[in-house]
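Model, not experiment: these values are computed from the prediction. Position 1 is the first residue of the sequence; numbering continues from there.
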Amino acid sequence: MVRVEFLGPINRDILELDARNLGQLKEILAQDESLKEWLSLSAVALNDEIVTSLETTLKDGDKICILPPVCGG
């Protein structure tokens, strides 16, 4: 099981899901219509490190953060 945290304006509760890699996790999360747009816009961190490959393998206990774009001023 991996832990998925949604930061900022995504405003979703933490989920614990069973996924082998980030591609599979994306497929699971994309089933929720309210997350589809966020998945295309957001960065992903695995155990506090930004990752880009959907082939990235996940292990039990990994923490994934969905990081929406932000702006400041």
Side-chain angles (χ1 to χ4, degrees):
M1 294 294 251
V2 297
R3 181 180 176 99
V4 183
E5 297 179 1
F6 303 92
L7 302 182
I10 300 175
N11 197 25
R12 296 290 305 261
D13 291 333
I14 293 170
L15 297 175
E16 291 196 2
L17 301 168
D18 190 18
R20 293 184 311 268
N21 59 44
L22 287 178
Q24 185 180 41
L25 179 63
K26 183 177 180 179
E27 289 177 14
I28 293 168
L29 294 176
Q31 293 175 14
D32 183 327
E33 289 295 322
S34 68
L35 289 176
K36 274 188 178 180
E37 183 178 1
W38 288 117
L39 295 175
S40 66
L41 298 171
S42 299
V44 176
L46 172 60
N47 299 321
D48 300 322
E49 302 252 345
I50 299 291
V51 293
T52 57
S53 173
L54 291 178
E55 299 303 316
T56 300
T57 302
L58 301 175
K59 305 180 301 296
D60 279 347
D62 279 345
K63 178 179 85 170
I64 296 94
C65 292
I66 309 298
L67 309 163
V70 296
C71 62

Please name the pair of heavy atoms, one in [X] and one in [Y], separated by the smallest distance, quoted to 0.1 Å.
X: I50; Y: A43; value: CD1-CB, 4.4 Å
X: N47; Y: G61; value: OD1-O, 4.5 Å
X: P68; Y: S42; value: CA-OG, 3.4 Å

*Sequence neighbours excluded, which residues qualify as side chain to side chain donor-acceptor pair (under 3.5 Å) partners of K26?*
none
*Counterpart residues, side chain to side chain donor-acceptor pair (under 3.5 Å), relative to S34 (two or more places apart)*: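 Partners of S34 by the side chain to side chain donor-acceptor pair (under 3.5 Å) criterion, ordered by chain and then number, come out as R12, D32.
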_Interatomic spacing from CD1 in I64 to CZ in F6 - rounded to 0.5 Å_ =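 If we round to the nearest 0.5 Å, I64:CD1 and F6:CZ are 9.5 Å apart.
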[X]: what forms a salt bridge (Lys or Arg N to Asp or Glu O under 4.0 Å) with it, not counting sequence neighbours?
X: E5; result: R3
X: D18; result: none
X: E49; result: none

*If you look only at pairs with a residue in residues 50-63, which of them pass as a salt bridge (charged side-chain N to carboxylate O under 4.0 Å, His left out), with sequence neighbours excluded?*
D48-K63, K59-D62
*Going by side-chain heavy atoms closer than 4.5 Å, which hydrophobic residues are tied to M1, directly or by a chain of links?*
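M1 clusters with nothing; isolated.
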*According to a 4.5 Å side-chain heavy-atom criterion applied to Ile, Leu, Val, Met, Phe, Trp and Tyr, with indirect links allowed, do L39 and L58 form part of one hydrophobic cluster?*
yes
*Shared ILVMFWY cluster between L54 and V2, side chains joined below 4.5 angstrom?*
yes
[X]: partners by side chain to side chain contact (heavy atoms under 4.5 Å, CB included), with sequence neighbours left out:
X: T56; value: L22, L46, V51, S53
X: L17; value: V4, L15, L25, I28, L29
X: R20; value: Q24

*Below 4.5 Å, heavy atoms only, C-beta onward: do I66 and V44 meet side chain to side chain?*
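Counting from C-beta outward, I66 and V44 do come under 4.5 Å.
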